[in-house]
Amino acid sequence: MADLPTLPENPDDDIEAYVGLGRQDAEERARSRGWTTVRSLAPGTVVTMEFLAGRLNFEVEDGTVHRCWPG
């Protein structure tokens, strides 16, 4: 049997702190804190469920982050 892969870890960051920030400020902050992929999505956007280490997702409405989650 093959060994389980060692997955990279997400940056040590308080993701709840992004809620309420403007989209551009949130994206810049996330990149500066080590997130390799940052994506902003409109509410209700259909996304796949695969987990990508190092990715931070924002749900943005009217230019403001309303929800944030890793993967």
Side-chain angles (χ1 to χ4, degrees):
M1 181 186 326
D3 291 332
L4 293 175
T6 302
L7 299 175
E9 293 187 22
N10 288 327
D12 185 22
D13 195 10
D14 177 13
I15 62 172
E16 293 301 317
Y18 291 93
V19 175
L21 295 178
R23 181 196 56 80
Q24 185 171 347
D25 290 340
E27 289 178 1
E28 289 173 2
R29 178 179 176 163
R31 287 186 182 96
S32 74
R33 297 207 172 175
W35 295 96
T36 55
T37 304
V38 179
R39 74 178 170 178
S40 295
L41 306 162
T45 299
V46 176
V47 295
T48 58
M49 296 300 292
E50 85 280 359
F51 182 86
L52 178 61
R55 177 170 63 193
L56 191 60
N57 301 286
F58 298 128
E59 182 177 277
V60 178
E61 186 172 6
D62 297 327
T64 302
V65 176
H66 287 266
R67 182 175 164 233
C68 180
W69 69 98

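Treat the numbers as computed from the prediction; the structure is a model and nothing was measured.
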Which pairs of donor and acceptor atoms, one on a side chain in residues 51-60, lie under 3.5 Å apart (sequence neighbours left out)?
{"unit_1": "Arg55", "atom_1": "NE", "unit_2": "Gly71", "atom_2": "O", "d": "2.7"}
{"unit_1": "Arg55", "atom_1": "NH2", "unit_2": "Glu50", "atom_2": "O", "d": "3.1"}
{"unit_1": "Arg55", "atom_1": "NH2", "unit_2": "Gly71", "atom_2": "O", "d": "2.4"}
{"unit_1": "Asn57", "atom_1": "OD1", "unit_2": "Arg39", "atom_2": "NE", "d": "2.4"}
{"unit_1": "Asn57", "atom_1": "OD1", "unit_2": "Arg39", "atom_2": "NH2", "d": "3.3"}
{"unit_1": "Asn57", "atom_1": "ND2", "unit_2": "Trp69", "atom_2": "O", "d": "3.3"}

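Nearest heavy-atom pair, Trp35 versus Ile15, reported as atom, atom and distance to 0.1 Å: CZ2-CG2, 3.9 Å. The two residues Ala26 and Val65 have their closest heavy-atom pair at CB-CG2, 3.7 Å.
In this structure, His66 NE2 and Leu41 CG are separated by 13.5 Å, a value rounded to the nearest 0.5 Å. Here the CD-CZ distance, from Glu28 to Arg23, works out to 9.0 Å after rounding to the nearest 0.5 Å.
Within 6.0 Å of atom CG in Asp62, 12 or fewer heavy atoms from other residues, nucleotides or ligands are found, so the atom counts as exposed in its surroundings.
For Arg33, the salt bridge (Lys or Arg N to Asp or Glu O under 4.0 Å) test picks out Asp13, with sequence neighbours left out.
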